[in-house]
Amino acid sequence: MNNERMGRLLEAARAGDRESLNELVRELTPLLWHVARAQGLDRESSSDVVQHTWLTLLRSISDIRSPAALTGWLVQVTKREAWRVARRARAEEPVDGAEFIELLDRSPTPADLATTAETHQELWAALAQLSERCQEILRAMAFLPELTYTELSALLNIARGSIGPMRGRCLVRLRALLKGGVRDER
């Protein structure tokens with residue numbers, strides 16, 4: 001490619017000679033295509049970049065001061081556009097959904113909170129229907145889980161050997177109440 005020849009073709013294209021512009025496009029497109037591909041773009045993106053380069057030339061044709069430097073100017077426009085397209089493609093690159101698992105908000109949803117609150121209300125209402133003794137033992141075991149049977153025995157004034165069987169009977173009654181079964185007789 002002769003820079004002087006490219007400069008003459010540009011001057012003729014500026015003057016309105018369409019064939020000179022077509023000649024520029026025919027001769028320089030393979031070079032511009034190579035420049036775009038050398039920036040790591042795929043075929044489709046390279047085609048878009050080359051087209052953008054020619055449109056930029058048409059918009060700026062009267063602004064080019066040195067027609068002999070046309071080839072270098074077109075190469076530079078192609079590189080810059082290719083870099084812009086490559087940056088945009090990297091920014092839009094899909095990511096593996098597994099990366100987002102760590103970002104998920106694991107806090108309860110409003111629906112979860114409402115369900116939990118409703119469940120707690122049902123539990124407390126059923127617990128209130130149990131005898132005082134059952135309420136005491138279940139509350140102690142729920143809220144003081146670190147206590148041993150010996151400590152529970154002393155706290156509730158119940159024989160140590162009675163705690164397990166009593167707890168079992170209380171839980172059976174509570175379960176029946178929660179399932180909508182028989183009301184407890186105190």
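A quick note: this is a predicted structure, and the numbers were derived from the prediction, not measured.
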Student: Is there a donor-acceptor contact under 3.5 Å linking the side chains of Asp48 and Ser45?
Tutor: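 Checked: Asp48/Ser45 side chains show no N/O donor-acceptor pair below 3.5 Å.
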
Student: Answer yes or no: is there a side-chain heavy-atom contact under 4.5 Å between Arg175 and Val172?
Tutor: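 A side-chain contact under 4.5 Å exists here.
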
Student: Show your reasoning for whether side chain to side chain contact (heavy atoms under 4.5 Å, CB included) applies to Leu21 and Leu58.
Tutor: CA-CA 9 Å; Leu21 183 60; Leu58 291 176; 3.6 Å; yes

Student: Is it true that, when you exclude Arg80 itself, more than 12 heavy atoms of the residues, nucleotides or ligands shown sit nearer than 6.0 Å to its CZ?
Tutor: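 Not more than 12 within 6.0 Å, no.
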
Student: Leu41 and Trp83: same hydrophobic cluster, using ILVMFWY side-chain contacts below 4.5 Å?
Tutor: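 Leu41 and Trp83: separate clusters.
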
Student: Please confirm whether the backbone N or O of Leu127 pairs with a side-chain atom of Gln135, one donor and one acceptor, at under 3.5 Å?
Tutor: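 Yes, the answer is positive, given that a donor and an acceptor are paired below the 3.5 Å cut-off.
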
Student: With a 4.5 Å heavy-atom cut-off, do Arg173 and Gln129 have their side chains touching?
Tutor: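 Answer no - side chains too far apart.
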
Student: For the pair Thr29 and Leu24, evaluate side chain to side chain contact (heavy atoms under 4.5 Å, CB included) and give the outcome as yes or no after the intermediate values.
Tutor: CA-CA 8 Å; Thr29 293; Leu24 281 172; over 6 Å; no

Student: Can you tell if the side chain of Trp33 reaches within under 4.5 Å of the side chain of Ser47, non-hydrogen atoms only?
Tutor: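 Answer yes - side chains close enough.
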
Student: Between Leu10 and Leu57, is any pair of side-chain heavy atoms under 4.5 Å apart?
Tutor: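 The answer is yes, as the side chains (C-beta and beyond) meet within the 4.5 Å cut-off.
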
Student: Do other residues, nucleotides or ligands put more than 12 heavy atoms under 6.0 Å from Arg59 CZ?
Tutor: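 Buried by this count: over 12 neighbours within 6.0 Å.
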
Student: Below 4.5 Å, heavy atoms only, C-beta onward: do Glu146 and Glu151 meet side chain to side chain?
Tutor: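 The answer is no; the side chains never approach within 4.5 Å.
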
Student: Looking only at heavy atoms, what is the nearest atom pair of Leu156 and Arg133, with distance?
Tutor: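 What the structure gives for the nearest pair is O-NH1, 2.9 Å.
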
Student: Side-chain heavy atoms nearer than 4.5 Å, only ILVMFWY residues, links allowed to pass through others: does that put Val77 and Ile61 together?
Tutor: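 Shared cluster, yes.
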
Student: How far does CD of Glu118 sit from CD of Gln121, to the nearest 0.5 angstrom?
Tutor: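 Interatomic distance, Glu118 CD to Gln121 CD, rounded to 0.5 Å: 7.5 Å.
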
Student: First locate atom CH2 of Trp73, then atom OG of Ser60, and finally report the distance between them rounded to the nearest 0.5 Å.
Tutor: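 That separation rounds to 4.5 Å.
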
Student: Counting neighbours of CD on Gln51 that are heavy atoms of other residues, nucleotides or ligands and sit closer than 6.0 Å, is the number greater than 12?
Tutor: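 For Gln51, atom CD is not crowded (no more than 12 foreign heavy atoms under 6.0 Å).
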
Student: Salt bridge check, Glu11 against Arg14: does any charged N sit closer than 4.0 Å to a carboxylate O?
Tutor: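 Salt bridge flag = yes for Glu11 with Arg14.
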
Student: Taking Glu19 first and then Arg26, would you say they form a salt bridge - that is, a charged N and a carboxylate O separated by under 4.0 Å?
Tutor: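 The answer is yes: the pair qualifies as a salt bridge.
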
Student: So which atom in Ala126 and which in Leu177 form the shortest heavy-atom distance, rounded to 0.1 Å?
Tutor: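 That would be O-CD1, 3.4 Å.
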
Student: Can you tell me how far apart CG (Leu152) and CG (Asn157) are? Round to the nearest 0.5 Å.
Tutor: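 Those atoms lie 12.5 Å apart.
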
Student: Rounded to the nearest 0.5 Å, what's the gap from CZ on Arg139 to CG on Leu130? Could you check?
Tutor: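 Going from the CZ atom of Arg139 to the CG atom of Leu130 covers 9.5 Å.
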
Student: Supply the atom-to-atom distance Thr71 OG1 to Asn3 CG, rounded to the nearest 0.5 angstrom.
Tutor: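 Those atoms lie 5.0 Å apart.
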
Student: Could you tell me which non-hydrogen atom of Ser20 sits nearest to which non-hydrogen atom of Ala12, and how far apart they are?
Tutor: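 Minimum heavy-atom contact is OG-CB, 3.1 Å.
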
Student: Should Val49 and Leu31 be regarded as members of a common hydrophobic cluster, given that ILVMFWY residues are connected when their side-chain heavy atoms come within less than 4.5 Å of each other, either directly or indirectly?
Tutor: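 Different clusters.
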
Student: For the atom pair OG1 (Thr53) and CG (Leu74), what is the distance rounded to the nearest 0.5 Å?
Tutor: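 Reported to 0.5 Å precision, the distance equals 7.0 Å.
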
Student: Apply the test side chain to side chain contact (heavy atoms under 4.5 Å, CB included) to residues Val85 and Arg88: give CA-CA distance (whole Å), side-chain angles for both, the deciding distance (0.1 Å), then the verdict.
Tutor: CA-CA 5 Å; Val85 168; Arg88 188 180 67 220; 4.2 Å; yes

Student: Are side-chain heavy atoms of Cys134 and Leu174 found at a separation under 4.5 Å?
Tutor: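 Not in contact.
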
Student: If you count every heavy atom of other residues, nucleotides or ligands that lies below 6.0 Å from Asp63 atom CG, does the total exceed 12?
Tutor: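 Enclosed.
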
Student: If you compare all heavy atoms of Gly161 against all heavy atoms of Pro165, which two are closest, and at what distance to 0.1 Å?
Tutor: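 Between these two residues, the closest heavy atoms are O-CD, 3.3 Å.
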
Student: Is there a continuous path of hydrophobic side-chain contacts, each under 4.5 Å between heavy atoms, that joins Val50 to Val35?
Tutor: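 Yes: a chain of side-chain contacts under 4.5 Å links Val50 to Val35.
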
Student: Is there a side-chain contact between Arg167 and Tyr149, using heavy atoms and a 4.5 Å cut-off?
Tutor: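 Yes, side chains in contact.
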
Student: With side chains defined as the heavy atoms from C-beta onward, is the minimum distance between Leu155 and Leu144 less than 4.5 Å?
Tutor: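 They are in contact (side-chain heavy atoms under 4.5 Å apart), so the answer is yes.
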
Student: Which heavy atom in Ser153 sits nearest to a heavy atom in Ile163, and how many Å separate them?
Tutor: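 Closest pair (atom of Ser153, atom of Ile163, distance): N-CD1, 3.4 Å.
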
Student: Before accepting this row, confirm whether a basic side-chain N of the pair Glu23/Arg18 lies closer than 4.0 Å to the acidic partner's carboxylate O.
Tutor: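 Not counted as a salt bridge, because no side-chain N and carboxylate O are separated by less than 4.0 Å.
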
